[in-house]
Amino acid sequence: MLDYRFIKENLKEVKENVEKRRVKANPELVAELYDKRNSLIHDIEDLRKKRNENSSKISGKLSSDERTVYVEKGKELKVKIAELEDELSKIEKELYIEALKIPNMSHPDAPVGEGEEDNREVKKWGSVPSFDFKPKDHVELGKILDIVDFDTATKVSGQKFYYLKNEGVYLELALVQYALDTLRDEGFVLTITPDIAKDEIASGIGFNPRGKESNIYHLEETSTCLVGTAEITLGGYYANSFISPSALPVKMAGLSHCFRKEAGAAGKFSKGLYRVHQFTKVEMFIYSHPLQSDKMHEYLLSIEEKIFQGLGLPYRIVDTCTGELGGPAYRKYDIEAWMPGRGETGGWGEVTSASNCTDYQARRLNVKLKEDGKKMFVHMLNGTAIAVSRAIVAILENFQQGDGSVKIPSVLTKYSGFKEIERKV
RNA sequence: GGAGAGAUGACCGAGAGGCCGAAGGUGCACGCUUGGAAAGCGUGUGUACCCCAACAGGGUACCGCGGGUUCGAACCCCGCUCUCUCCGCCA
């Protein structure tokens with residue numbers, strides 16, 4: 001979230017940004033509530049001061065008459081204070097809820113726009129494969145290679161679940177290892193994170209753990225949820241703490257499962273592995289000095305590129321437009337890999353996303369840094385190293401052969417133990 | 001899951017209704033001392049928010065979290081969470 005005072009003092013800019021982001025939020029109301037809150041606090045503190053003075057008089061030697069007077073006075077003050085405190089807590093609740101709706105400010109260079117079509121393509125890498133046969137999509141390939149089974153998963157778990165089978169299993173593990181090795185070499189601290197997190201952590205990151213629109217699964221009778229990404233568990237790692245400036249940037253990688261409800265997300269590009277309720281992902285996370293975060297953002301993107309270049313997958317980089325940034329991001333780069341099975345002629349499909357969330361998450365999670373006696377919130381960034389299910393889509397579809405077999409990127413073979421997957425049916 | 005013990009500032013640790021934002025110690029910072037260092041001495045050393053031009057000053061709150069009792073609560077009462085020990089269960 002943004003700082004209340006910042007909202008009030010930069011009302012014009014915040015309003016403009018809300019427009020750019022295409023979100024429903026009311027910065028003016030926040031500023032108003034903030035003022036109301038402050039004046040209430042002022043009054044309450046004043047009364048509390050009186051109460052403290054009054055009660056300290058009672059501790060001295062007093063006649064019983066005097067004593068009674070002060071006690072009565074104290075009782076009066078107590079009632080008044082309680083009234084104002086009730087009012088304050090209402091206002092604060094409202095203020096908080098309203099402030100939460102306000103998105104992060106946007107990077108001046110982020111393209112302004114509404115939807116996908118307004119994203120700015122900043123780079124293309126590799127060449128889109130041309131086939132001398134009609135390429136299959138990954139669903140069909142998964143079936144004939146006998147490595148992905150949707151039908152049984154639908155019976156057992158429901159729609160948008162899948163079993164990985166046979167080489168599919170090794171393919172997932174190989175991708176994970178490849179990503180982890182890459183990140184280890186980059187000096188990241190490797191972790192396997194919990195797949196469950198407390199609501200307060202999830203919402204600190206910017207996920208709404210409850211509610212119908214929420215994309216994440218809340219666990220009944222607990223105040224926890226299944227993580228939609230390890231961004232949550234990695235971002236919670238340093239919640240409520242100070243990080244020493246000399247330790248920055250803190251670079252962490254987290255392997256986790258990701259669970260997403262994806263309610264109402266059915267669509268033409270949602271088939272197969274592209275949009276599923278559960279997948280495995282290696283996530284990168286950086287706690288950065290505020291002055292370094294733009295640079296760290298580029299760094300995360302460069303690692304993502306390295307990983308996809310290593311896999312030999314053609315991709316493009318997109319600078320996400322303001323309407324698509326989501327609440328916490330200040331700027332976001334997506335990598336979209338070429339997916340020949342997408343639509344009639346193939347298309348780009350998002351495989352990674354790197355966001356600079358500046359201090360938006362750190363403020364709620366209370367992750368600070370003290371430098372020269374000054375305290376500030378750290379900047380938090382996240383990026384996908386490998387979202388396994390989507391990487392599999394791209395690999396199967398790009399590296400398919402005329403006979404339906406699929407060649408495996410050479411960087412993976414030392415982990416997978418095979419160079420290609422042969423057709424089984 | 002059952003039983004017990006505990007949760008105080010960066011850390012250790014006092015405290016058992018008003019004199020406590022909190023003794024003492026350690027650590028840390030600065031200064032003195034020294035050829036230099038150690039020791040020693042002195043001073044300082046939490047967080048958040050509000051007022052304010054002010055990292056000058058003032059105020060309020062915070063002793064795990066949330067309620068309650070009281071004129072007044074770190075201290076009393078209730079609920080919760082977490083940690084430790086023992087038992088059970090178990091990959």
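FYI, side chains are in, hydrogens and waters are out, and symmetry mates aren't considered; it's all heavy atoms of this structure. Each chain gets a letter, A, B and so on, in the order its sequence line appears, and its residues count up from 1.
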Run the ring-centre check on [X] versus [Y] and record whether the distance is less than 6.0 Å.
X	Y	value
A/H297	A/Y333	yes
A/Y330	A/Y360	no
A/Y287	A/F285	yes

_Is any side-chain heavy atom of A/V406 closer than 4.5 Å to one of A/E167?_
no
In whole angstrom, give me the gap between the [atom1] atoms of [N] and [M].
N	M	atom1	answer
B/C86	B/A37	P	50 Å
B/U69	B/A53	C1'	45 Å
B/G46	B/G21	C1'	9 Å
B/A29	B/U83	P	33 Å
B/A56	B/G68	P	37 Å
B/U47	B/A22	C1'	15 Å
B/G9	B/C62	P	15 Å
B/U43	B/U33	C1'	15 Å

*Touch class at under 4.0 angstrom, heavy-atom based, for A/K368 against every strand present*: sugar-phosphate
*Heavy atoms under 4.0 Å, any strand shown: does A/Y34 hit a base, just sugar-phosphate, or nothing?*
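Sugar-phosphate only.
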Counterpart base for [N], defined by Watson-Crick or G-U wobble contacts under 3.5 Å:
N	answer
B/A74	none
B/C30	B/G42
B/G88	none
B/A23	none
B/G6	B/C82
B/U47	B/A61
B/A16	none
B/A53	none

*Relative to the 5' end of RNA chain B, which residue comes earlier, A/D3 or A/E45, by the nucleotide with the nearest heavy atom?*
A/D3
*Scan nucleotides 69-75 of chain B nucleotide by nucleotide, 5' to 3', and note B when protein non-hydrogen atoms come under 4.0 Å of the base, S if they reach only the sugar-phosphate, - if neither.*
-BBS---
Can you check the [X] [atom1] to [N] [atom2] distance for me, whole Å?
X	N	atom1	atom2	answer
A/R363	B/A48	CZ	P	13 Å
A/I44	B/U60	CD1	C1'	10 Å
A/L88	B/U60	CG	C1'	12 Å
A/E200	B/G64	CD	C1'	13 Å
A/D46	B/A61	CG	C1'	15 Å
A/L40	B/U60	CG	C1'	14 Å
A/H42	B/A61	NE2	P	14 Å
A/N240	B/G64	CG	C1'	12 Å

*Should the pair A/R390 and A/F279 be classed as cation-pi, given the thresholds of under 6.0 Å to the six-membered ring centre and 45° from the axis?*
no
*Compute both the distance and the angle, then confirm whether A/R342 meets the cation-pi test with A/Y274: under 6.0 Å from the six-membered ring centre, within 45 degrees of the axis.*
yes
_Partners meeting salt bridge (charged side-chain N to carboxylate O under 4.0 Å, His left out) with A/R363 (sequence neighbours left out)_ =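 By the salt bridge (charged side-chain N to carboxylate O under 4.0 Å, His left out) rule, A/R363 matches A/D359.
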*Mind checking side-chain contact (heavy atoms from CB on, under 4.5 Å) for A/D199 and listing every partner two or more places apart, or none if nothing turns up?*
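So A/D199 forms a side-chain contact (heavy atoms from CB on, under 4.5 Å) with A/P209, A/R210, A/H218, A/S223, A/C225.
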*Report the relative orientation of the aromatic rings in A/H138 and A/F150; use parallel for angles under 30°, tilted for 30 to 60°, perpendicular for over 60°.*
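Perpendicular, since the angle between the ring planes exceeds 60°.
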